[in-house]
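A quick write-up on the structure given underneath.
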Amino acid sequence: MKKIEAIIKPFKLDDVREALQEIGLAGMTVTEVKGFGRQKGHTELYRGAEYVVDFLPKLKLEVVVGDEMADRAIEAIEHSARTGKIGDGKIFVSAVEKVIRIRTGEEGAEAV
């Protein structure tokens with residue numbers, strides 16, 4: 001199994017969710033996060049005062065999928081989250097050793 005974590009722009013969430021549902025993904029976890037990379041930050045004007053926004057709002061999606069579905073999920077996220085502009089985000093993939101559904105005690109693929 002693989003855990004896919006994606007940092008995306010907030011307004012792309014619905015597009016990504018729909019793309020993942022189309023390939024048969026059942027669920028995901030979404031967290032509001034802040035960060036910066038090459039996009040750095042930007043300056044904004046508030047009541048006449050200029051200030052720097054160092055950390056930009058992003059969303060972090062987490063999904064766990066079987067090995068056979070990982071490439072399709074990565075491709076779906078990549079294509080649906082892309083705007084072609086700086087700050088589109090990143091996708092991280094890591095191996096998952098064990099999954100347990102707390103309610104039933106199911107393990108492995110059945111727990112996902």
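The residues of the chain are indexed from 1 along the displayed sequence. It should be emphasised that the depicted structure is a prediction, and the values quoted were computed from it without experimental measurement.
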If every non-hydrogen atom of Val63 is compared with every non-hydrogen atom of Gly27, which pair is closest and at what distance? CG1-O, 3.7 Å

Applying salt bridge (Lys or Arg N to Asp or Glu O under 4.0 Å), can you list everything that pairs with Glu22, at least two apart in sequence or on another chain? none

Just jot down the side-chain hydrogen bond (donor to acceptor under 3.5 Å, both in side chains) partners of Thr83, sequence neighbours excluded, or say none. Asp88

Could you check if a side-chain atom of Leu20 sits within less than 4.5 angstrom of a side-chain atom of Arg17, using non-hydrogen atoms only? no

All heavy atoms of Ala73 vs all of Ile4, minimum pair found to be CB-CD1, 3.7 Å

Contacts of type salt bridge (Lys or Arg N to Asp or Glu O under 4.0 Å), residue Lys60, not counting sequence neighbours: Glu5

With side chain to side chain contact (heavy atoms under 4.5 Å, CB included) as the test, would you mind laying out the steps for Val96 and Lys98 before giving the verdict? CA-CA 6 Å; Val96 174; Lys98 191 172 190 176; 5.9 Å; no

Heavy-atom closest pair, residues Ile23 and Arg72: O-NH2, 3.0 Å

Do Leu13 and Leu25 share a hydrophobic cluster (ILVMFWY, side-chain heavy atoms under 4.5 Å, transitive)? yes

Is there a path of hydrophobic side-chain contacts, each under 4.5 Å between heavy atoms of I, L, V, M, F, W or Y residues, that connects Val65 with Val93? yes

Please list, chain by chain and in numerical order, all residues satisfying salt bridge (Lys or Arg N to Asp or Glu O under 4.0 Å) with Glu78, sequence neighbours excluded. Arg82

Are Leu59 and Ile91 co-members of a hydrophobic cluster defined by side-chain heavy atoms under 4.5 Å apart? yes

Side chains of residues 29-37: which donor-acceptor partners sit under 3.5 Å, not counting sequence neighbours?
none

Beyond-backbone contact of Ile8 with Lys58, side-chain heavy atoms, under 4.5 angstrom: no

What's the separation between atom CD1 in Ile7 and atom CG in Leu61, rounded to the nearest 0.5 Å? 8.5 Å

Let me check something: do Met69 and Ile77 share a hydrophobic cluster, defined by ILVMFWY side-chain heavy atoms less than 4.5 Å apart, either directly or through other members? yes

So, using side-chain contact (heavy atoms from CB on, under 4.5 Å) as the criterion, who are the partners of Glu106 when residues are at least two apart? Arg101, Thr104, Glu110, Ala111

Do you reckon Met1 sits in the same ILVMFWY cluster as Met28, going by side-chain contacts under 4.5 Å, direct or chained? no

Does Asp67 CG have over 12 foreign heavy atoms under 6.0 Å away? yes

Report the distance from atom OG of Ser80 to atom NZ of Lys12, rounding to the nearest 0.5 Å. 7.0 Å

